[in-house]
Amino acid sequence: MSFPPVSEQLKVIRRGVEKIVPEEELESKLKKSLETQTPLRVKYGIDPTAADVHLGHTVPLRKMRQFQELGHQAVIIIGNATAMVGDPSGRDEARSKRLSEADVEANAQYYLEQVGKVIDLEKAEVHRNGDWFGKMSLVDILNLCGKVTVAQLLSRDDFAKRMKAEVPIFLHECLYPIMQAWDSVMIRADIELGGTEQLYSFMLARDLQKDQELQQQIGVMSPILVGTDGTRRMGKSLGNYIGISEEPYEMMKKFMQLPDDVMKMYFELLTDIDLDEVKDILAGHPKDAKIRLAQTVIGQYWDNDSGVQAASRWQKEIGEGGLPTDIPEKAISRQQLNEDGCMQAAQLLKQLGLVPSTSQANQRIQGGAVFTLVDGEKTAVADRSEWIALADGMIVRAGKKAWAKVRLEESS
RNA sequence: GGGGGUGUACCCAAGCGGCCAACGGGGUCAGACUGUAAAUCUGAUGGCUUAGCCUUCGUAGGUUCGAAUCCUGCCGCCCCCA
């Protein structure tokens, strides 16, 4: 294994990274690694609390891949123990549900599969932190706790905020950063990757490493990727994420709905496109920039063709206002119709699954979002009690994102 | 263990015996405008067999012709004291 020169390594490492602490130590570590031809141990921990890996997770993961390409050792920690606790970082309330061990293990498997799309799993070490936490006795744990003061814990910004807002802080949450830091001790991390919200845990890891007379790790922190709403961090629970296992066209649609001003961040953190080129791309029409962004990222998780196809499909169906190609078919039994083969509008929308309730059906109709399409002929629906004559293959729309095709069935 | 505070729809937050399916803001949804971006404007935002009906204001009871509003028990959260 040969390593590129330190300056080159630094350039790669610094892209899309907000904070490196302590900054100076990174260079000396890299130098030493080069001299001794020893790869650095680069840690990234994930808690298998939910099954989907989204673009937010890929930011540090991509960084890890870069480290791998530079010849360093990737160390993935599956937080099967910490998952039971829940990371309080950046949260304004505790996680509500606790997961079972079986859930966690299932998530972990699926996680790894997805992580493999970003980094080279073959060359990575994978550990489960339950392996060491499971063996600790209460005394061991208390010993560990003896290294941290409550004041230190409460100085964290997220806890401070919660205190102020009178939102509960649970004791187990306080242990979380300690556990995470202990992981670093156990695997002898040289570098830990994560978002900026991890600062506290990263520093705590240094303290514990020092206490154990080990090399101290360096925190390489990426900015937190904002979600598709353009304001809050990307997260499953906020429903503003793009999952890396989503279908290309689904991803495409989400990308195109991004607010313009997050594009710069997305380009920087999610693609390898040279930053000068990114500047040029962003100087052009935002729509084109977005298509380029979407194509590139989709290409990473599927393949180039899929990205291009998704883009052209978007252009046709949405950019030019055409019909969606994948309108789901819904069966309606003739039994449900009156003797003239009609059904009331609100009922129809509900039967087709376009709306969850009658009230919402009414709202859509009143809002002018509903029309039917038979042989290319559009008919607006204006009243919820209007009787609609159904025909096989009729298309019903109840808003931009709600389409259905009717399939009439004889009564069973 | 003691004292005080608080619990309203997705979130924040009014309401404090009838005019309350519940003000206002945020969010969300739909429409116009657009590049299914932003901004702006309009409407909607418990459910239903929809000029009406049914179920909601932590929870269980009670008082009352009538309660989100009053009383009691219980539960959760926050703060202070020990």
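Note on naming: letters A, B, ... go to the chains in the order of the sequence lines (proteins, then strands), and numbering restarts at 1 for each one.
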Just to be sure I understand the rule, does [X] reach a base, reach only the sugar-phosphate, or reach nothing, if contact means heavy atoms closer than 4.0 Å?
X	value
A:Arg397	sugar-phosphate
A:Gln366	nothing
A:Asp261	nothing
A:Gly230	nothing

- Side chains of A:Thr228 and A:Val262 in contact at under 4.5 Å (non-hydrogen atoms): no
[M] and [N], which share atom name [atom1], separated by this distance in whole Å:
N	M	atom1	answer
B:rG43	B:rG62	C1'	43 Å
B:rG76	B:rG58	C1'	8 Å
B:rU8	B:rG46	C1'	14 Å
B:rA22	B:rC74	C1'	26 Å
B:rG15	B:rC78	C1'	23 Å
B:rA9	B:rC33	C1'	32 Å
B:rG24	B:rG3	C1'	35 Å
B:rG7	B:rC16	P	14 Å

- Toward the 5' end of RNA chain B, which comes first, A:Gln315 or A:Gly367, by nearest nucleotide? A:Gly367
- Note on the structure: Of A:Gln257 and A:Pro356, the one whose nearest nucleotide on RNA chain B sits closer to the 5' end is A:Gln257
[X] has an atom [atom1]; how far is it from atom [atom2] of [N], in whole Å?
X	N	atom1	atom2	result
A:Asp229	B:rA38	CG	C1'	14 Å
A:Met252	B:rU36	CE	C1'	12 Å
A:Leu258	B:rU36	CG	P	14 Å
A:Leu282	B:rG35	CG	P	19 Å
A:Ile318	B:rG35	CD1	P	15 Å
A:Leu349	B:rA30	CG	P	13 Å
A:Met343	B:rU49	CE	C1'	14 Å
A:Lys400	B:rG35	NZ	P	13 Å

Starting the side chain at C-beta, find the nucleotide from [options] nearest to [X].
X	options	result
A:Ser359	B:rG35, B:rU50, B:rA44	B:rU50
A:Lys401	B:rC48, B:rA37, B:rU36	B:rU36
A:Arg384	B:rU36, B:rU50, B:rU45	B:rU50
A:Pro286	B:rC48, B:rG35, B:rU36	B:rG35
A:His285	B:rU49, B:rG35, B:rG47	B:rG35
A:Ala369	B:rA44, B:rG31, B:rG35	B:rG31
A:Pro259	B:rC48, B:rA38, B:rA30	B:rA38
A:Ser357	B:rG47, B:rG35, B:rU36	B:rG47

- Task: Begin with the C-alpha distance, continue with both residues' side-chain angles, and end with the deciding distance and a verdict on side chain to side chain donor-acceptor pair (under 3.5 Å) for A:Glu25 and A:Gln216.
- Result: CA-CA 10 Å; A:Glu25 258 179 54; A:Gln216 289 176 291; over 6 Å; no
Report the base-pairing partner of [N] (Watson-Crick or G-U wobble, both distances below 3.5 angstrom), or none.
N	value
B:rU40	B:rA32
B:rG7	B:rC75
B:rG1	B:rC81
B:rG24	B:rC12
B:rC57	none
B:rG17	none

- Task: Look at A:Lys254 and B:rU36 and indicate whether a side-chain polar atom (N or O) is within less than 4.0 Å of OP1 or OP2.
- Result: no
- Task: Report yes if a side-chain nitrogen or oxygen of A:Gln360 is closer than 4.0 Å to either non-bridging phosphate oxygen (OP1 or OP2) of B:rC29; otherwise report no.
- Result: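 Answer is no, no contact under 4.0 Å.
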So, [X] versus [Y]: side-chain donor-acceptor pair below 3.5 Å or not?
X	Y	result
A:Ser184	A:Gln217	yes
A:Gln180	A:Gln198	yes
A:Asp303	A:Ser306	yes
A:Gln109	A:Glu105	yes

- Which heavy atom of A:Leu153 sits nearest a heavy atom of A:Pro177, and at what distance?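 For A:Leu153 and A:Pro177, the tightest heavy-atom pair comes out as CD2-CG, 4.2 Å.
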- Cation-pi, A:Phe202 ring and A:Lys43 (6.0 angstrom, 45 degrees):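 No, A:Lys43 does not lie over the aromatic ring of A:Phe202.
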- Task: Measure distances between side-chain N and O atoms of A:Asp288 and base N and O atoms of B:rG35, and say whether any donor-acceptor pair falls under 3.5 Å.
- Result: no
